[in-house]
Amino acid sequence: MAKLRVDAMDSLLYSMQQNESIPKSDLAEIIARQAEIVSAAVRAEAQKLGVGYDKKHNNARDTTPENSLPGQKKTYSTGETARSVAIRAAKPDKKGIMAGQVYFRGSRPNGRHGRKTNAEVAFLNEYGSRNINARNFIRRALAQVESAVIGAARDGIDSILKKQNL
């Protein structure tokens, strides 16, 4: 009687077990490289915020003349939003998933209304308000570096797999 034996499943299971044992430090390094690419792009795009950014990049919320807000006439840009872009190191969360974060740190005076966090200012620039045109600088920056971020992950994972002879 003929016997049929399949070894492919054993090697697949072995490869999956090896992937589960990837050191957290290697994953943190990949995430840090990705965060560096994203933060540099967001910082560079935030530097461009100022008079005419919304019109130059066609970011107005509603392009119908009766609903659109006039473009920004006065520059309020101080560069604070760009300087506030920071990276939080990757670490495992409660579920064990590695995550890093690009965020806006700190706050700034808000006239006689106290203080406003730089994250709030970035949000208002990104989405606008009833008085402020949206200036989608974060989405723009992410779109510009999307392939570079994916490439960094691909290269990092490839080097890990090569180290494990997979």
In terms of heavy-atom contacts, Val102 and Ala35 come closest through CG2-O, 3.7 Å
Q) Can you find a heavy atom in the side chain of Val38 that is under 4.5 Å from one in the side chain of Ile87? A) no
Q | Check: Glu120 side chain, Thr117 main-chain N or O, donor-acceptor pair, under 3.5 Å | A | yes
**Q.** Residues Arg83 and Glu80 bridged, charged N to O under 4.0 Å
**A.** yes
Side-chain touch Glu126/Arg139, heavy atoms, less than 4.5 angstrom = yes
For Asp26, is there an ion pair with Lys163 - N to carboxylate O distance below 4.0 angstrom? yes
Item to complete: Would you mind checking if Arg140 and Glu45 are paired as a salt bridge, meaning a charged N to carboxylate O distance below 4.0 Å?
Response: yes
- Query: Should we count CD of Glu146 as having more than 12 external heavy atoms under 6.0 Å?
  - Reply: no
Minimal heavy-atom distance between Arg33 and Gly156, with the atoms involved, is NH1-CA, 4.0 Å
Rounded to the nearest 0.5 Å, the OG1 atom of Thr78 sits from the CG atom of Leu49 at a distance of 10.0 Å
Stepwise side chain to side chain donor-acceptor pair (under 3.5 Å) test for Arg154 and Ser159: CA-CA 9 Å; Arg154 183 184 53 243; Ser159 70; over 6 Å; no
Residues Arg105, Ser84; criterion side chain to side chain donor-acceptor pair (under 3.5 Å); working and verdict
CA-CA 5 Å; Arg105 70 170 174 248; Ser84 71; over 6 Å; no
Notebook entry, point to check: Short question: side chain of Arg135, backbone of Asn125 - any donor-acceptor pair under 3.5 Å?
Noted result: no
dist Ile138:CD1 -> Thr81:OG1 (nearest 0.5 Å) comes out at 9.0 Å
Applied to residues 96-123, the ring-ring contact (aromatic ring centres under 6.0 Å, His included) test, sequence neighbours excluded, yields Phe123-Tyr127
Scanning both residues in full, the closest heavy-atom pair of Ala148 with Ile37 reads O-CD1, 3.8 Å
Closest non-hydrogen atoms of Ile30 and Ala153, given as atom of the first, atom of the second and distance, are CG2-CA, 3.8 Å
Distance col, row Asn136:CG vs Leu142:CG, nearest 0.5 angstrom, shows 11.0 Å
Looking only at heavy atoms, the pair that brings Ala90 and Ile31 closest together is CB-CG2, 3.6 Å
Salt bridge or not between Lys162 and Asp158? Use side-chain N to carboxylate O under 4.0 Å.
yes
Exercise for the section: Would you mind reporting whether Leu124 and Lys116 have side-chain heavy atoms less than 4.5 Å apart? Expected result: yes
Please examine the side chains of Pro109 and Arg115, heavy atoms only from C-beta on, and report whether any two atoms are closer than 4.5 Å. yes
Scanning both residues in full, the closest heavy-atom pair of Ser107 with Asn118 reads N-ND2, 3.6 Å
